[in-house]
Enquirer: 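Quick one: this structure, given as structure tokens, is what I'll be asking you about.
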Amino acid sequence: MPVAELWSTFFDVPVILDQLGVDSSVGDLVDFGCGYGHFCVAAAQRISGHVTAIDLDPAMLTAAEKRAHDHKLYNIAFIHRDFIDSGSGLAADSQDYVMIFNLLHLENPEQLLLEAYRILAPSGRLGIIHWNYDQDTPRGPPMGIRPKPDQCVSWTVKTGFVDTSGVIDLPPYHYGVVVQKPSLEEGTKRGTKTDRN
């Protein structure tokens, strides 16, 4: 990770959260891989519930906690956890929104998506962003493992989500997707379970 000041220049955080529907209609939200806390802190200022920010790197969590403290925000819980190997530890059907930003190039992306599905309440939403599939981006994983937008959509549909947004352009360097866990009624109609484990 580059230093926090440089990292922040790669995103327009308010615009991204606007485009992904992170606003006061959202209750509880999870940020997988919160990093320096740019997104979880901004989300905590918008939503009506609590943010759970999870990261494997203690230094990232320390930086994110400091950012929250500097903004006098007390509706964020910071958790040190390997959520790829061990899941989130959160209860099934307990969250309104999950953010997975710049992570789906990791091994077994569907495993992470299934965990997001598990913890989301029926009709809960998952917001994804990733680096554009473009050599000119200033950061991002190697092109050989960088997912294309249609791959992200395909993975989410395969894990049970309903595509609600199509691909969203998030200049200068990212794209986004918003998908939804089916409601109880929709899940019954589709013959799917909304409490996958």
Enquirer: How close do G35 and A64 get, heavy atom to heavy atom, and via which atoms?
Expert: O-CB, 3.6 Å

Enquirer: Could you work out, with salt bridge (Lys or Arg N to Asp or Glu O under 4.0 Å) as the rule, every residue matching E65, not counting sequence neighbours?
Expert: none

Enquirer: Any side-chain heavy-atom pair from W131 and P147 closer than 4.5 angstrom?
Expert: no

Enquirer: Between R81 (side chain only) and I54 (backbone N and O only), is there a donor and an acceptor less than 3.5 Å apart?
Expert: no

Enquirer: How about V41 and I76: do any of their side-chain heavy atoms sit closer than 4.5 Å?
Expert: yes

Enquirer: Which pair of heavy atoms, one from S48 and one from G27, lies closest together, and at what distance?
Expert: OG-CA, 3.6 Å

Enquirer: Below 4.5 Å, heavy atoms only, C-beta onward: do R125 and V26 meet side chain to side chain?
Expert: yes

Enquirer: Determine whether the aromatic ring centres of F161 and W155 lie less than 6.0 Å apart.
Expert: no

Enquirer: Hey, could you give me the NZ/OG distance between K181 and S123, rounded to the nearest 0.5 Å?
Expert: 9.5 Å

Enquirer: Just verifying a value: how many Å separate D82 CG and S88 OG, rounded to the nearest 0.5 Å?
Expert: 12.0 Å

Enquirer: Report the C-alpha separation of V30 and I119 in whole Å, then their side-chain angles, then the decisive distance to 0.1 Å, and conclude whether the side-chain contact (heavy atoms from CB on, under 4.5 Å) test is met.
Expert: CA-CA 9 Å; V30 177; I119 64 176; 4.0 Å; yes

Enquirer: Drop me the distance from L113's CG to T156's OG1, to the nearest 0.5 angstrom.
Expert: 7.0 Å

Enquirer: Give a yes or no on whether the backbone of V179 and the side-chain of D163 come within a donor-acceptor separation of less than 3.5 Å.
Expert: no

Enquirer: Quick one: side chains of residues 13-24, donor-acceptor pairs under 3.5 Å with protein atoms, not counting sequence neighbours, listed by atom name and distance.
Expert:
unit_1 : atom_1 : unit_2 : atom_2 : d
D18    : OD1    : R46    : NH1    : 2.8
D18    : OD1    : R46    : NH2    : 3.1
D23    : OD1    : S25    : N      : 2.9
D23    : OD1    : S25    : OG     : 2.5

Enquirer: Quick one: ring-ring contact (aromatic ring centres under 6.0 Å, His included) pairs with a partner in residues 60-94, sequence neighbours left out?
Expert: F32-F83

Enquirer: Quick one: does D12's side chain have a donor or acceptor within less than 3.5 Å of a partner on P171's backbone?
Expert: no

Enquirer: Return the orientation label for the H130 and Y175 ring planes: parallel under 30°, perpendicular over 60°, tilted otherwise.
Expert: parallel

Enquirer: Indicate if M143 and L106 have the same hydrophobic cluster label, given that clusters are the connected sets of ILVMFWY residues with side-chain heavy-atom separations under 4.5 angstrom.
Expert: no

Enquirer: Show the nearest heavy-atom pair for residues I145 and H105, with the distance to one decimal.
Expert: O-CB, 3.3 Å

Enquirer: Rounded at 0.5 Å granularity, tell me how far CG in D31 sits from CE in M99.
Expert: 3.5 Å

Enquirer: Ignoring hydrogens and angles, tell me if any N or O in the side chain of S154 forms a donor-acceptor pair with the backbone of D150 under 3.5 Å.
Expert: no

Enquirer: Kindly give the heavy-atom pair with the smallest separation between F39 and I129, and that separation in Å.
Expert: CZ-CD1, 4.2 Å

Enquirer: Please check: side-chain N/O of D28 versus main-chain N/O of D96, any donor-acceptor pairing under 3.5 Å?
Expert: no

Enquirer: Please enumerate all residues that pass salt bridge (Lys or Arg N to Asp or Glu O under 4.0 Å) together with D70, with sequence neighbours excluded.
Expert: K66

Enquirer: As an exercise, state the distance from CG of L90 to CD of E115, rounded to the nearest 0.5 Å.
Expert: 7.5 Å

Enquirer: So do the side chains of Q151 and L104 get within less than 4.5 Å of each other, counting heavy atoms only?
Expert: no

Enquirer: Write down the atom of V98, the atom of A116, and the distance for their closest heavy-atom approach.
Expert: CG1-CB, 4.0 Å

Enquirer: Among the clusters formed by ILVMFWY side chains lying less than 4.5 Å apart, do I168 and Y133 turn up in the same one?
Expert: no

Enquirer: With sequence neighbours left out, what residues match K148 under salt bridge (Lys or Arg N to Asp or Glu O under 4.0 Å)?
Expert: none

Enquirer: Taking a hydrophobic cluster as the set of Ile, Leu, Val, Met, Phe, Trp and Tyr residues connected by side-chain heavy atoms closer than 4.5 Å, whether directly or through intermediates, do L61 and L56 fall within one such cluster?
Expert: no

Enquirer: Considering only heavy atoms from C-beta outward, does the side chain of T52 approach that of L29 to under 4.5 Å?
Expert: no

Enquirer: Got a donor-acceptor contact below 3.5 angstrom from the N108 side chain to the Q111 backbone?
Expert: no

Enquirer: Working to the nearest 0.5 Å, report the span between CG of L112 and CG of L103.
Expert: 6.5 Å

Enquirer: So, does D134 use its side chain to make a donor-acceptor pair with the main chain of D136 at under 3.5 Å?
Expert: yes

Enquirer: Where do F11 and H174 land on the ring pair (Phe, Tyr, Trp, His ring centres under 6.0 Å) test, with the steps shown first?
Expert: CA-CA 8 Å; F11 310 91; H174 291 81; 4.7 Å; yes

Enquirer: Restricting to non-hydrogen atoms, name the atom on P172 and the atom on F10 that form the minimum distance, rounded to 0.1 Å.
Expert: CD-O, 4.3 Å

Enquirer: Just by distance, do the side chain of E110 and the backbone of T159 share a donor-acceptor pair under 3.5 Å?
Expert: no

Enquirer: Return yes if some donor-acceptor pair links the side-chain N/O of R118 with the main-chain N/O of G87 below 3.5 Å, else return no.
Expert: no

Enquirer: In chain order, what residues pass the side-chain hydrogen bond (donor to acceptor under 3.5 Å, both in side chains) check against S165, with sequence neighbours excluded?
Expert: none

